[in-house]
Amino acid sequence: MLGLISMPLAGIAGDRLADRGYSAARTLGIVLVTYLAWLFSYVWGFNRHTILISVLLLCLISGIVYRKQRILPKKNILFSNELVFAAGFFFFLLIRMYLPEIYRHEKFMDFAFLNAITRTSSFPPADPWFAGGSLEFYYYFGYLSVGVPGKLLSVEPSMLFNLAIALTFALSFNLLFGFGYNLTNGKIKYGLLTAVSVILLGNLQGLKEFISMYLTRETVPMGYYWSSSRVIPYTINEFPYFSFIHGDLHSHMLAIPFQLLVLAFLLNIYLRKDSDRAFEGILSFLMFSISIGYLFPSNSWDFPIYLGLTFAVIFAFYYGRYIHKKSLSKFITVFFGTIFSISIFSLIPYLPFYLSFKPQAAGGFDFVPPELRTTIGEFLILFSLFLFLTFSFLANHLELRRKKQYFILLTGISLFLAREWTISLLVILLPLLTLSLYSFIKDLPERSSTGFVSLLIAMAAFIALICEIIFLDDPISGSFARMNTVFKFYMHLWIFLAIAASYSFYYLYFRYRIPLENSLPTNRVYGKKVWTFSLMLLVLSCSVFPVVSTFTRIEDMNAKPALDGMEYMKKLDRGDYDAIKWIQENVKGVPVILEASSDDSSYRYTSRVSANTGLPTIIGWTRHERFWGRDNKEIAKRLEDVNIIYSTSSEKKALELMNKYNVSYVYIGQLERQMYDIKADKFEDETYFEPVYQSSVRIYKVKKKF
């Protein structure tokens, strides 16, 4: 419905695209409704009425636009996009039904944030693992983007979690289909090729692990799929299908559609060759600014990457307009004016977020030690297929056969610098960056799809090079110091190179589809056969991971098909399941609940009440709270206080500590009994406590302060 409502607006922002922006309409609708609901919450609070008002306002704006323009995509575009979206959604929903558990890894954290979003009436939401704190340190708009439709339609959070993963997959699949379709000027099969290449393929580690497990019968820790995301030692190198099959509802995964939305709008600007303006009008400008501004509060790592891309695209747009007319001063004025306007209007709409945003995890930048840099072998395991196609594309587009001496010189310089600076990846990255930048500059007068793809390749090479030089200094130190930098930025690397590789295949296929025997010398015929065989081998190798990981994950989970992510708890601890369901149905607002915690609580079953309800607890996963910047002494004090409240015989002492943290409910389950020597008699005093739930789990409500 949001896609149909947003169709006229997407048509304005995508007026030069072959699909008139329809592949981006759904995601644009989610961005606009989420943004409006968040903004209105500062006036009316965050509730269903606020969300409904936001939807109605979007309908009104879209209706006005439609009355003025009445330009809609063709029926075949509508049908193909609906089919692609539905196929992507139900495909991954089926997978999630066999992997439903919201448990293990960091799913408790993601679920805690999602629950906190759906429970809150104001922003920033309460920190569910630090009573009295808020999510002022975290970019939470990814959770908000699925929390808004979930709250509007009253979807149970334990189902919303799994629906959100399927929705994010489908939105990404649809946008990638549209991107390939638009790059090739309306060719459906290359739209599908792009979607499949980016979001379904794996890396060569999948084949390596398959051989280890099933042919040589070696023992593989963490199961089949895990090592494909740990190719570079001491880092995380996730790619889309790993993130989806792994199933943690992390911000970097939720943000993929929002990145692709901005990318689609940038392609539209790049292709506006018959206009003097980068944007159709003020509405188009505002939609772009809100969309790119949405990236920071969704996943802050994305924003500088896409702002840099915007810088390059706006440069390309005005270069052709003014440089050839020898109007350098006009070019400088218009270019910097546009960049300044986009920067301002991507930040001002989100000013309330920035005013409350206080990140503690980042502490500047540092240089990557030589011993921690990525090797050529590791990089090839990750990106061999994409590099094979992109280098082939650049070599053919730039006709390197006629310029062998320059390529040999560039390779020699790369080898020399790689050795001198101890950055082995320069052997690959410097030629890739140089050739793609040259291809991009060469295309500036025409501004075709080829130039835009060259820009994506250059951006990917630049990002990879930056990751070899500097990293963001966060609380993770030692050998794992650059883990998060590689983790966040390599996802961009994958998306850009995979899109470029798909277009590269399209470009090469159409260039060489004439029968070879009649047009090429014999040695060239053999060369193409070798090239084709190599490509097929790489594609098959990269196809091993998605197939094997899907089946092995489902087999390892061995779960009964369900949408409810809490079903596993019925077997693990039925008492917890029933008690948490009661809390979800009966406890409103965000009162503080007391539950067990420990200094090694992260990645364990502790904090299961706060995670599954969104109610703040005194202290949750301690390792995560330390990483987010909470004071270590304060965390230790809270752990001690939780222990005292449960274990003390003094009703006065317990009540004083509960007053300190504004505790409204006390939860006593099997885990609490195992961890503490609980003196439960004090909770039976009806003056201060009311037993509101009694079974194998007991829940007491604090009636009044001591």
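Quick caveat: nothing in here was measured; it's all calculated off a predicted structure. Note that these values count all heavy atoms, side chains included, but never hydrogens, waters or copies made by symmetry.
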*Do Asn174 and Arg26 have side-chain atoms, one donor and one acceptor, less than 3.5 Å apart?*
yes

*asked:* Testing the 3.5 Å rule here: is there a donor-acceptor pair between the side chains of Ser134 and Asp127?
replied: no

*Start with the C-alpha gap between Asn237 and Ser229, add the side-chain angles, then the distance that decides, and say whether side chain to side chain donor-acceptor pair (under 3.5 Å) holds.*
CA-CA 5 Å; Asn237 40 261; Ser229 70; 5.7 Å; no

_Ring-face cation of Arg623 near Trp621 (centre distance under 6.0 Å, axis angle within 45°)_ = no

*Verify whether the ring centers belonging to Trp226 and His246 lie closer than 6.0 Å.*
yes

*Non-hydrogen side-chain atoms of Leu594 and Tyr665 separated by less than 4.5 Å*: no

*What about Tyr667 and Tyr700, are their ring centers closer than 6.0 Å?*
no

*Give a yes-or-no answer on whether the side chains of Ser227 and Glu209 include a donor-acceptor pair shorter than 3.5 Å.*
yes

*asked:* For Glu651, is there an ion pair with Lys682 - N to carboxylate O distance below 4.0 angstrom?
replied: no

*Any chance the rings of Tyr603 and His624 have centres within less than 6.0 Å?*
yes

*Euclidean distance, Ser145 OG relative to Ile117 CD1, rounded to 0.5 Å*: 9.5 Å

*How are the rings of Phe108 and Tyr605 set relative to one another: parallel (under 30°), tilted (30 to 60°) or perpendicular (over 60°)?*
tilted

_Note, Tyr688 side chain near Lys703 side chain (heavy atom, < 4.5 Å)_ = no

_If I take atom OH from residue Tyr306 and atom CD1 from residue Ile292, how far apart are they, to the nearest 0.5 angstrom?_
9.5 Å

*Should we say atom OH of Tyr354 is surrounded by more than 12 heavy atoms from elsewhere, each under 6.0 Å from it?*
yes

*Kindly compute the distance separating NE2 (His252) from CG (Asn484), expressed to the nearest 0.5 Å.*
10.5 Å

_Passing candidate, side chain to side chain contact (heavy atoms under 4.5 Å, CB included) with Leu615, options Val609, Asn115, Val587_ = Val587

*Begin with the C-alpha distance, continue with both residues' side-chain angles, and end with the deciding distance and a verdict on side chain to side chain donor-acceptor pair (under 3.5 Å) for Glu595 and Ser607.*
CA-CA 7 Å; Glu595 66 170 323; Ser607 306; 4.7 Å; no

_If we count only N and O atoms by modelled type, under 3.5 Å, do the side chains of Ser251 and Tyr140 hold a donor and an acceptor together?_
no

_Nearest-0.5 Å distance, CD of residue Glu156 to CD of residue Gln584_ = 7.0 Å

*Answer yes if the side chains of Ser647 and Asn643 hold a donor-acceptor pair under 3.5 Å, and no otherwise.*
yes

*Should we count OH of Tyr42 as having more than 12 external heavy atoms under 6.0 Å?*
yes

*Please determine, by modelled atom types, if Thr617 and Trp129 share a side-chain donor-acceptor pair under 3.5 angstrom.*
no

*Just wondering, more than 12 heavy atoms not from Glu555 lying within 6.0 Å of its CD?*
no

*Search all heavy atoms of Asn299 against all heavy atoms of Lys488 and return the closest pair with its distance.*
OD1-NZ, 4.4 Å

*Aromatic ring centroids of Tyr139 and Phe353 under 6.0 Å?*
no

_Rounded to the nearest 0.5 Å, what separates atom CD1 in Ile645 from atom CE in Met658?_
6.0 Å

*Just wondering, do Leu563 and Arg96 contact through their side chains at under 4.5 Å, heavy atoms?*
no

_When you measure from the centre of the six-membered ring of Phe130, is the NZ or CZ of Arg630 closer than 6.0 Å and no more than 45° off the axis?_
yes

_Quick one, Ser356 with Glu136, criterion side chain to side chain donor-acceptor pair (under 3.5 Å). Give me CA distance, side-chain angles, the key distance, then yes/no._
CA-CA 6 Å; Ser356 63; Glu136 60 189 15; over 6 Å; no

*Going by the side chain to side chain contact (heavy atoms under 4.5 Å, CB included) test, name the single residue among Leu144, Leu135, Leu249 that passes it with Phe113.*
Leu135

*Electrostatic pair Lys581-Asp576, nearest N-O below 4.0 angstrom*: no

*Tell me whether the guanidinium CZ or amine NZ of Arg553 lies under 6.0 angstrom from the six-membered ring centre of Tyr225 and within 45° of its axis.*
yes

*Would you please indicate if the ring centroids of Phe239 and Tyr490 are separated by under 6.0 Å?*
no

*asked:* Less than 6.0 angstrom separating the ring centers of Phe489 and Trp301, yes or no?
replied: yes

*Tyr294 and Phe141: aromatic ring centres closer than 6.0 Å?*
yes

*Taking the six-membered ring of Tyr693, is NZ or CZ of Arg698 closer than 6.0 Å to its centre and within 45° of its axis?*
no

